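First the structure, in the form of structure tokens, and then the observations on it.
Keep in mind that what you see is a predicted model, and the values were worked out from it rather than measured. Values below: all heavy atoms of this structure, side chains included; hydrogens, waters and symmetry mates excluded.
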There are 2 protein chains.
Amino acid sequence: MNPRGQQAGSPRPGAAVKRPTVQDVAREAGVSPSTVSRALHTRGYASPEVRDRVRAAADKIGYVLDHNARNLRSRTSTSIGVLISDLRNPFYADLAAGIEEELRAAEYQMVLVNDNGDPEEEMRAAETLLAMRVPGVIVTPVTAACPRILQDNGVHVVCADRELGRSGSDVVLSDNKAGARELTEHLIGLGHTRIGLLIDETKWSTGAGRLAGFRAAHADHGLEVDENLIAFTSFDADAAQQTTRRLLNEQHVTAIISANNVLAQGALAEIKDRRLKIPRQLSLAAYDDVPWMSLVQPALTTVDQHTVDLGRAGARLLLSRIRGELPARRRIVRVAPRMIVRGSTGPAPTA
Amino acid sequence: MNPRGQQAGSPRPGAAVKRPTVQDVAREAGVSPSTVSRALHTRGYASPEVRDRVRAAADKIGYVLDHNARNLRSRTSTSIGVLISDLRNPFYADLAAGIEEELRAAEYQMVLVNDNGDPEEEMRAAETLLAMRVPGVIVTPVTAACPRILQDNGVHVVCADRELGRSGSDVVLSDNKAGARELTEHLIGLGHTRIGLLIDETKWSTGAGRLAGFRAAHADHGLEVDENLIAFTSFDADAAQQTTRRLLNEQHVTAIISANNVLAQGALAEIKDRRLKIPRQLSLAAYDDVPWMSLVQPALTTVDQHTVDLGRAGARLLLSRIRGELPARRRIVRVAPRMIVRGSTGPAPTA
DNA sequence: ATCGAATGTGGCATCGATGCCACATTCGCC
DNA sequence: GGCGAATGTGGCATCGATGCCACATTCGAT
């Protein structure tokens, strides 16, 4: 197509350009508006000949569809809401990138909202998306109220990365338990018995799963978990550094697992400050592989969640749901994580 | 507000819930639809008393505005298009995050599209945004055609991060020349005279500015630039690693400046492979500070572009433009970068 | 030749909110 | 007390595309 291709007089922008409508195209092509609509958008009949004629006419006068009019009439929209906590965190950025890729391929648009992990912002965003009449939303929920209000208003919801209560909505998850278990096992295999776990929350399935995996690996090897080694912190790098400091000061640990990429920054900062030799003096591993982890020296052993795939899977799931291709029952998609062993983990120091 | 707050019967999602309209609110509040519109959305008169009554009624029956209908009628929209190359690159993610923050505060929505640096995708996206009747777009343009077609259709455009031809659109830029000059000067001050510049493009103002700054710093110090030290590569980390390898093999350099964060990954990877001691054997500096650069050992000396601020500034600029608060003349906003000296740069080795 | 189905196109109402104007009321002021 | 202005509300048309149905045409089969 070629919106206003030729006589581009560059009206000063914002000067409410009068755009051609289906009526104009109809006149130009010598058919009715209804036919134009059918011819351009492949629903309903239109002879190939007419199709071409209409397309040519549309092209000629620079016709561009009006989504608002279409959405209003057909009571649907091709905009999908994506509600995440923090675009600056590579995890969410990758998730959004995967979603966007899939949506774009299906000719949907992504309306992206950051809620900063704040329930109020999240609710506000949900209302906005409701007002936009989006057919679906992908959300990393802060509160169960958000998916609920959306669903109550007929919007399809896919929760990504975490499960919140029994919302009944579709979910895409990383298999957190399996990933954490594998990572923990890897360390146990290297002879570590005192492994610290740096973690920020366990009320969502994300943290809960990782903690469960940590415990399961211990159990598998007949090891008891010293509860003092589970170090709770808040979700930011500075706090994680403090907590790491406390952990190193107060407990004898030979390895640390950080439950996500942000906490890993804090742990690594503290290790740098103390000039600890990795992995000789301490092994460090992290859940959620992000690019910097392979750039540091030594590179970090991690669990790659395939975050982009997670996003893609979420988008695909949502689209199938919207198209009515799925049975009523909620669907849970699990994306298998993959451990990547790098240089930051090694044999436990022989004390 | 409280969309369908009470009798939430959770109709299965997607089941085209019949939502209340202004008509319904009007009936409930005992006023006319026109009055409801005025009362809810603060334009035009409505007595405080009526306002409250209407609000209460809307709340009671769970009324949610329909953006599509509003947009159609009023021929505007509160969705803003944001067109970037790659959300997974922290530069673009930060830019988008800054934009989103500012838009959200102004009650606008962000429609985010990745164009992968592909002119065709970019054009497709532009058409979609046109179809959505967005009042403005923020774009890191690949092609001048994209801003132009948008402007020709009455859409306000702000170009971010780079200037493309004389499009006449508003721009927000990092002061690339100043930043690169400062960084180069820093190295020259440390005694380096053979500084390699790893750069991917100079046809956009971004690369061109950085190259100009590199040259300017040399000129300031009466040094001639050996053109062989300007190493062109393509925009990905692997290519940058190859190029770095070539640069190190073929030229005698004591310092390398990478023109952006992606190229820096490649340079660092090569340096790691060679086990070069930084900064003793080689100094490394990068334009565009991203989080991993302070996590590696030693941390990288960089130029922080204040990318989030750049995004915020772009969004503010666009919104003022949309509101008609700006004179017709195009505006260029420059965000001053800031050099951050860390451990990766040191005195030139005394050969 | 006639009828019925298939095929393709046009007419018209409609989605929901709002811009614009007319009108009813109240109030102030001479 | 009367008149004009100020104030607040309702009526109606409208934005642009499309769903639905009716209808015109063509074609094949008996």
Under a 4.0 Å heavy-atom criterion, DNA chain D is touched by chain B from dG8(D) to dG16(D)

Give the angle between the helix axes at the two ends of the helix from dA1(C)-dT30(D) to dC30(C)-dG1(D), taking five base pairs at each end and rounding to 10°.
-> 40°

Kindly indicate, with the supporting measurements, whether the criterion side-chain hydrogen bond (donor to acceptor under 3.5 Å, both in side chains) is fulfilled by Arg38(A) and Thr35(A).
-> CA-CA 5 Å; Arg38(A) 280 184 308 244; Thr35(A) 303; 3.1 Å; yes

Residues passing the salt bridge (Lys or Arg N to Asp or Glu O under 4.0 Å) test with Arg133(A), sequence neighbours excluded, are Asp66(B)

Side chain to side chain contact (heavy atoms under 4.5 Å, CB included) partners of Arg88(B), counting only residues at least two apart | Asp94(A), Ala97(A), Val308(A), Asp86(B)

Would Ser37(A) and Ser34(A) satisfy side-chain hydrogen bond (donor to acceptor under 3.5 Å, both in side chains), going step by step from the backbone distance to the final call?
-> CA-CA 5 Å; Ser37(A) 174; Ser34(A) 315; over 6 Å; no

Just call it for Val36(B): base, sugar-phosphate, or nothing, with non-hydrogen atoms closer than 4.0 Å on any strand.
-> nothing

Would you tell me whether Thr78(A) and Gln109(A) have side-chain atoms, one donor and one acceptor, within less than 3.5 Å of each other?
-> yes

Comparing nearest nucleotides in DNA chain D, the 5'-proximal residue of the pair Asn68(A), Ser34(B) is Ser34(B)

Taking only residues two or more places apart in sequence or in another chain, which ones pass salt bridge (Lys or Arg N to Asp or Glu O under 4.0 Å) with Arg162(A)?
-> none

Comparing nearest nucleotides in DNA chain D, the 5'-proximal residue of the pair Glu49(B), Arg70(A) is Glu49(B)

Listed partners of Glu121(B) passing side chain to side chain contact (heavy atoms under 4.5 Å, CB included), at least two apart = Arg104(A), Asp115(B), Asp118(B), Arg124(B)

Name the one of Arg321(A), His156(A), Arg331(A), Arg329(A) that satisfies side chain to side chain donor-acceptor pair (under 3.5 Å) with Asp170(A)?
-> Arg321(A)

